[in-house]
Structures are given as structure tokens and as C-alpha cells.
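All values below were derived from every heavy atom in this structure, side-chain atoms included, with hydrogens, water molecules and symmetry-related copies excluded. Throughout, numbering of the chain's residues begins at 1 and tracks the sequence. Remember, predicted model here, so these are calculated numbers, not experimental data.
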Amino acid sequence: MKAKAKKPKTKIKMKTKKTFAKRSKITGTGEIAIHHNYVSHFAANKSHKQKKHLGKATLMNETDVKRNRQLLQG
């Protein structure tokens with residue numbers, strides 16, 4: 001029997017999580033911009049002011065940035 005040739009060990013690359021990449025954007029300063037939750041469902045119960053503010057994008061909280069930045073490292 002022939003001995004199997006060993007493959008060289010390579011570093012495994014992490015893939016980009018496409019679902020998160022489609023819902024977020026990295027700004028020019030390196031922050032992560034995301035859209036608000038709770039926008040469309042039960043809209044009749046929300047005030048006009050609340051719906052207006054929920055429609056705009058916001059920056060992600062600092063506590064979540066480190067964990068979520070890994071999802072974009074593809």
C-alpha cells in the first residue's frame with residue numbers, strides 16, 4: 001500500500017455571514033449602521049413620531065460591535 005500524502009496545514013478563513021451583511025453597513029469611521037426593529041408590525045399602535053424615528057438607520061451599540069464585527073470578516 002502506498003502512503004497518503006499529507007496536505008499542508010492552512011489557516012481556515014471565516015466566511016462572511018451574508019444575512020448580517022445585507023442588514024448592516026460599515027460607515028466611513030468604522031462604525032456599524034443598522035436599521036431599527038419593530039417598524040412594520042402593529043404599526044397602528046405606534047405614534048407618528050415613533051414610526052418616523054424607527055425608519056432611520058442608527059449606529060450599533062458599542063457593546064455589540066466587537067461580536068458583530070466578526071460576522072463581517074469574510
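With rounding to the nearest 0.5 Å, the separation of CG in Leu72 from NZ in Lys18 is 10.0 Å. Summarising the geometry, atom NE2 belonging to His53 is positioned 8.5 Å from atom OG belonging to Ser47; distances are rounded to the nearest 0.5 Å. The CD atom of Glu31 lies 11.0 Å from the CG atom of Asn61; values are rounded to the nearest 0.5 Å. Separation of atoms CZ (Phe20) and CZ (Arg69) is listed at 9.5 Å; rounding is to 0.5 Å. Distance CD1/Ile32 to CG/Leu59: 10.0 Å, rounded to 0.5 Å.
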Before you tell me yes or no, could you show the steps for Ser24 and Asn68 under side chain to side chain contact (heavy atoms under 4.5 Å, CB included), namely the whole-Å CA-CA distance, both residues' side-chain angles and the distance that decides it to 0.1 Å?
CA-CA 10 Å; Ser24 62; Asn68 286 318; over 6 Å; no
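Here the closest heavy-atom approach between residue Lys56 and residue His36 is recorded as O-CD2, 2.9 Å. Of all heavy-atom pairs between Thr19 and Arg23, the closest is O-NH1, 2.8 Å. Considering all non-hydrogen atoms of both residues, Thr16 and Ala21 come closest at CG2-CB, 4.0 Å.
Side-chain N or O atoms of Lys46 include one that pairs as donor or acceptor with a backbone N or O of His41 at under 3.5 Å.
The neighbour count for Lys51 NZ, taken as heavy atoms of other residues, nucleotides or ligands under 6.0 Å away, is above 12. Within 6.0 Å of OH in Tyr38 there are 12 or fewer heavy atoms belonging to other residues, nucleotides or ligands.
In this structure the side chain of Leu54 never reaches within 4.5 angstrom of the side chain of His35, judged on heavy atoms.
Criterion: ILVMFWY side-chain heavy atoms under 4.5 Å apart, direct or through other members. Under it, Ile26 and Leu71 are part of a common hydrophobic cluster.
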